[in-house]
Amino acid sequence: MISRIDLRGDALPEGGALRDLLPRAEFDVEAALEKVRPICEDVHHRGTAALIEYARKFDGVELEQVRVPAEALKAALEALDPAVRAALEESIRRARIVHRNQRRSEHTTQVVPGGTVTEKWVPVERVGLYAPGGRSVYPSSVVMNVVPAQEAGVESIALASPPQKEFGGLPHPTILAACALLGVDEVYAAGGAVAVAMFAYGTEDCLPVNMVTGPGNIWVAAAKRYFTGKIGIDTEAGPTEIAVLADSTADPVHVAADLISQAEHDPLAAAVLVTDSEELAAAVERELEPQVAATKHVEDRIKPALAGRQSAIVLVDSLEDGLKVVDAYGAEHLEIQTADAAAWAARVRNAGAIFVGPWAPVSLGDYCAGSNHVLPTGGCACHSSGLSVQSFLRGIHIVDYTRDALAEVTHHVVTLAEAEDLPAHGAALKARFGWKVPTQ
């Protein structure tokens, strides 16, 4: 059901050589880019008419309008199962607690007497948030995108989710209910690259945005790449991943359940166990069979995901080697199920989010830990962070110098400008002092 990669016996290679030994899904965004380019440009030139045509072509629905009516949002919330509503409200409450503490405050530094630099934080003016549809419905992604944007102070928030044939061309009602709970009333029935293009270019109904965030399939990732530079993006999200660093103290029942929990997302989802225990590896292999048989989405998602090249049990000589492996892998979600798990977690450098010990499974983070589940995939955790309040803020430096403070440093500025053969830079200061460099 799941393959093994045995890295025991020899010294582990460094850097890229180690990464090349580890499992990873094939996810060719560049190839997809050529397919989304004409779609994006069609939306640019035809606007809403193109959105309606692509809804018919890709989603099998006939739309009269792309924006979701206010009454549909209200009706979705009124019809929401009370237990689901209570769970969403608790998810929102916990997410707000965490993300509110991520806010940054203005700070002024006195560099010299009379010379200060202030850094102020300004929210992005307008954002487009994407909630995926398709194999599953993700109201949790609505929460994870909207809450940090709101806590950052973004004034204009729009959300798109694919139209659903079974709901009359509207996005899934649970998506709409989550929007209503969060006070987001600008919602569009648009999916994939079409939605990203709508946000980037704007249409008759939707004003263009400054930034697009949210997970999605390869077409969403390709469209984000296409528009990088025109708009801000969070990340080009690939298939979801879990890595578990575990030793002999880990419970194989827990480990197997957690691997399966990510495998049920998608046939390209990655489930990776890194362990120094042959006994645990064998126990997890045995445990996978009955747990997979007892769940849902077995043939179309879980079995292909676990059997795919992106999933494996990786055997190492020691937890020290295991730490090197998970850092090289840079998982979206990393669980530490070892003795003294917190100490090992503190040493991890590359992960989207780290889940410590047996009572912090990834599923908790997906819904109700308070953390964000929009995280870097494909090894991008070595240079990128998950979605947060900071994602929606821009730092702006405000430079304020008096005449005396400028005079004191003018000779250095002129010297550096001339060293770079940019004399006009220095002249901009000389002009303020009668074309003479102030004496020190």
Side-chain angles (χ1 to χ4, degrees), residues 19 24-33 36 40 95 98-99 102 123-124 126-134 138 140-149 151-152 154 157-161 191-193 195-197 199-200 209-243 262 265-266 268-270 310 327-334 348-354 362 365-366 371-395:
R19 286 193 295 273
R24 190 77 75 185
E26 289 186 15
F27 195 71
D28 192 349
V29 175
E30 198 62 33
L33 184 61
V36 305
C40 293
V98 172
H99 289 83
Q102 295 172 356
V124 174
R126 175 168 165 79
V127 300
L129 310 178
Y130 187 72
Y138 292 103
S140 58
S141 287
V142 178
V143 175
M144 298 297 171
N145 278 272
V146 171
V147 168
E151 293 301 323
V154 176
I157 297 174
L159 185 137
S161 191
V196 179
F199 283 142
V209 304
N210 306 110
M211 183 178 188
V212 170
T213 73
N217 59 20
I218 193 168
W219 311 114
V220 173
K224 284 182 176 181
R225 180 175 296 186
Y226 183 68
F227 287 112
T228 298
K230 179 176 177 60
I231 57 172
I233 65 168
D234 51 349
T235 184
E236 294 178 10
T240 191
E241 306 159 344
I242 183 175
Q262 291 305 111
H265 275 287
D266 189 281
L268 290 178
Q310 71 273 18
D327 269 337
Y329 184 73
E332 177 189 17
H333 310 94
L334 174 63
V348 173
R349 296 183 61 88
N350 301 328
I354 303 170
V362 167
D366 284 342
S371 58
N372 204 292
H373 80 200
V374 182
L375 301 168
T377 61
C380 292
C382 67
H383 57 72
S384 297
S385 305
L387 201 65
S388 70
V389 167
Q390 280 89 316
S391 303
F392 298 98
L393 295 174
R394 298 161 293 132

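Everything numeric in this text was worked out from a predicted model, so none of it was measured. FYI, the numbering just counts along the sequence from 1.
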Just verifying a value: how many Å separate [X] [atom1] and [Y] [atom2], rounded to the nearest 0.5 Å?
| X | Y | atom1 | atom2 | result |
| --- | --- | --- | --- | --- |
| His333 | Thr377 | NE2 | OG1 | 10.0 Å |
| Arg394 | Asn210 | CZ | CG | 7.5 Å |
| Ser371 | Ile354 | OG | CD1 | 11.5 Å |
| Ser384 | Asn350 | OG | CG | 10.5 Å |

When you measure from the side chain of [X] to the backbone of [Y], do you find a donor-acceptor pair of N or O atoms at a distance under 3.5 Å?
| X | Y | answer |
| --- | --- | --- |
| Glu241 | Glu332 | yes |
| Gln262 | Ile242 | no |
| Tyr130 | Gly191 | no |
| Asn372 | Leu375 | no |
| Gln310 | Ala269 | yes |

Is there a side-chain contact between [X] and [Y] (heavy atoms, below 4.5 Å)?
| X | Y | answer |
| --- | --- | --- |
| Arg225 | Val36 | no |
| Thr240 | Asp266 | no |
| Leu129 | Ile157 | yes |

From CA spacing to verdict: side chain to side chain contact (heavy atoms under 4.5 Å, CB included), Thr213, Val127: CA-CA 8 Å; Thr213 73; Val127 300; 5.9 Å; no

Using every non-hydrogen atom in the two residues, find where [X] and [Y] come nearest and quote the distance to one decimal.
| X | Y | result |
| --- | --- | --- |
| His99 | Val389 | O-CG2, 3.1 Å |
| Ile231 | Val209 | CG2-O, 3.5 Å |
| Phe199 | Ala158 | CE2-CB, 3.7 Å |
| Ala237 | Ala221 | O-CB, 3.8 Å |
| Leu393 | Ala152 | CD2-O, 3.5 Å |
| Pro132 | Ser161 | O-OG, 4.0 Å |

Worked verdict on Leu159 versus Val142 for side chain to side chain contact (heavy atoms under 4.5 Å, CB included): CA-CA 8 Å; Leu159 185 137; Val142 178; 3.9 Å; yes

Stacked cation flag Arg24 on Tyr329, 6.0 angstrom / 45 deg: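 Verdict for Tyr329: a cation-pi partner in Arg24.
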
Stepwise side chain to side chain contact (heavy atoms under 4.5 Å, CB included) check, Met144 with Leu387: CA-CA 8 Å; Met144 298 297 171; Leu387 201 65; 5.7 Å; no

Side-chain donor-acceptor pair present, Asp234, Ser391, cut-off under 3.5 Å: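 No donor-acceptor contact under 3.5 Å links the two side chains.
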
CA sep, side-chain torsions, deciding dist, call: Tyr138, His265, side chain to side chain contact (heavy atoms under 4.5 Å, CB included): CA-CA 11 Å; Tyr138 292 103; His265 275 287; 3.1 Å; yes

